[in-house]
Amino acid sequence: MNPSPMQERLASLLRDYFEVDPQLLRPDAPLDELGMDSLSLAELLTILEEEDGVPLPEIPSSLTKQTTLAEVVRIIEEQRAAAQAGPDGGEPAPADGGTVPADGKRVLADGKAALVDGGTVSPSQDRTADQSVTQ
Amino acid sequence: MSREAVAVTGVGLVTPAAVGVKASWEQLLQARPTAASDPSLEGMPVDFSCRVPDDALASALGRGLRWRIDRFIQMAIVAAREAVADAALSPAEWDSTRVGVVIGVGGSALDHTKEYMKVVDGRFSALSPSLVARSQPGMAAGEVSLDLGAQGPTMCTSTNCASGTAALGAAKLLLDAGACDIVVAGGTDSPRCPMGAASFWRMGALSQRCADPAGASRPFDADRDGFVLGEGAGVLVLERAGQARARFARVYAELAGYGSTADAHHCVAPHPEGDGAARAMLTALDDAGLRPEDVDHVNAHGTATVLNDRAEARALHRVFADPPPVTANKSVFGHAIGGAGAIEAVCSVLSLHHGLIPPTANHRRPDPGIGLDIVTDRPRTAALNAVVSNSFGFGGHNSTAVFRRP
C-alpha cells in the first residue's frame, strides 16, 4: 500500500530533522524504538502546525511509547480533519487569513492578536510536553 | 582539604581548525588563521568569523541530537568524548557518582531570533518545546553528564570570556574538597551567529578587516583592531595524581594552581594597569607554590583588542621582572568566548607535553608599548616546566591557570 502524504511527511521529518536511522522507519515501528518521547513528539506537532497553519491542540493521552508510526499518522490525520472542520463541524478557516493556534489566541493577518472567544487563555489549551520529561 | 596534585589525563578540542586535538594543534603550530567569510553573516557589518567545520561536527556528534541541543552543547559533548577516551577512561567501568562535569559557557545561544519573534507576535504555541533545553548555559554540563553517564557534581561557570578557565578552577576545588574523583572540565560557546556578531560589533569589540579575514586577528600587533568572533570547545579530564598513577594513566601535566580576581573597574574595559589580571596571576602562582621566575611561557588571553592586549602586557610586566615567551592562540582560532579559556588551557598543556610554544599569527608590526617576547613565525622549542594560561572577561573577571610538568 502506498504511504499517505502525511506518512511520507512524517518519515521525512523523522529522518531529516530528528535524524532517526532511516532503516528504523517502518509503519509498525513503536515510538520508543524511534527514540521519540513526549518532548520530541511535541516538537514534531509544533513543526507541522507551523508549516500548515492548522492547529493540533493536544498530544492525545492515548499515545504511548508503544504507539506505532502508522497510528501516529492516523491520529494526526484525524485531528487535522477535525481542526479544519472547526468546533461546529462546518466552520471554515478564518477568513481574515489568520491562524488559530492551540492556545486560543488568534493572530490576525495584520499581525494583531485577538482572542477567539474574547476570554482569557486557558493553560490547559497549551500543548506542553508530558510533565514526566520536565522538572 | 586534600592538596594532592591534580593531573590532566585527557584532552579534547573542537576548534575552527578541526574537530579533534591532533589537527587543531597542527594548524596552531603552522600559525594558519581559521578566520574566513561566514555565509551566515553575509551582508552584516562584520561578515567573517572562525567557524567549526559543520560536517565534521555533525559526523562526530552522531545522529539524533542536533534537533534538541544547540551548537555550543554539541561541541562540548564532542570535545568531552575525545578527552575521556584520551584519558583511557570508560564510562561503562567508572564509578559514575564520583565523576563530575564542569563546563564554562559565556552565554546561552543567541541565534533564536525566530523563536523570539513568535513571542512578539503572540504565537506562543508555535514556540519550539525544546527551546529551553537546547539553549540554556547549564545544559552544556547537563548534556555532557547525560552523554557520558557522569553522576557526580555538575556546574556551569559563566564569567564571559573567562568561563572556560573558571571551569578548571571550579573543578580543582571539587577535587581538592574530595567531592569527586574525576572532573570532566572545560568550556564551550558558539557566539558567531547574526545576533552575536551584531552585538559584539555594536560595542566596538570586533575587527573590521572584512577584506582580509585571515589577517584580522592580530594580538599584540600595533595594527590590531579587535577580536575575530569564533566558536569552539575545549575539555580536560582532571583527576588526583595518585589515582592517575594507580591506573597507569598518561599525565600530560598538573593543574598546579588557579587564581581568580575581579577588576571592579568598568563593566567591559579592563583595568588599564592590568591590576586584577596581575593579582590573578600572582594568586595562581601562589596556589601552585611557584614564583614568577619559575614560569617558562604565558599563553595569553590576547584578544587583539587595543585595550586587552595593552592591559595584559602591563599585567605581565608587573608580575614578571622578565616576562617569559608569550603566545596568543586567538590569532589562529579566533575568540570562542566561553570556550576560549579551555581551548587555550588544552594548548598550554600540549605545549608542556611537547616542549613547543606555538607561534602567534599575524604579528607583523609589534606594538612598541607591549614589550613582550611574542613567539612568531614558527613554533619555538623550549624546555617548559610551568605555563601560565590567562583569560579575562567582560565584567572584569580574571582567571589564571598554572600548569606544571608532571
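Keep in mind that the numbers below use all heavy atoms, side chains included, and drop hydrogens, waters and symmetry copies. Reminder, nothing fancy here: chain letters follow the sequence lines and each chain counts from 1.
Contacts of residues 55-67 of chain B with chain A at a heavy-atom distance below 4.5 Å involve B:Gly62, B:Arg63, B:Gly64, B:Leu65, B:Arg66, B:Trp67, listed in sequence order. Contacts from residues 64-78 of chain A to chain B, taken as heavy-atom pairs separated by less than 4.5 Å, involve no residues at all.
Residues meeting the salt bridge (Lys or Arg N to Asp or Glu O under 4.0 Å) test with A:Glu33, sequence neighbours left out: A:Arg26. Judged as a side-chain hydrogen bond (donor to acceptor under 3.5 Å, both in side chains), and not counting sequence neighbours, the contacts of B:Ser128 are A:Glu43, B:Ser130.
Nearest heavy atom pair, residue A:Thr46 against residue B:Leu127, reads CG2-O, 3.6 Å.
Using a 4.5 Å cut-off between heavy atoms, B:Leu131 does not touch chain A at all.
Within the 4.5 Å cutoff, the side chain of A:Ser40 has no heavy atoms near those of the B:Arg68 side chain.
By the neighbour-count criterion of 12 heavy atoms within 6.0 Å, atom CD of A:Glu51 is densely surrounded, having more than that number from other residues, nucleotides or ligands.
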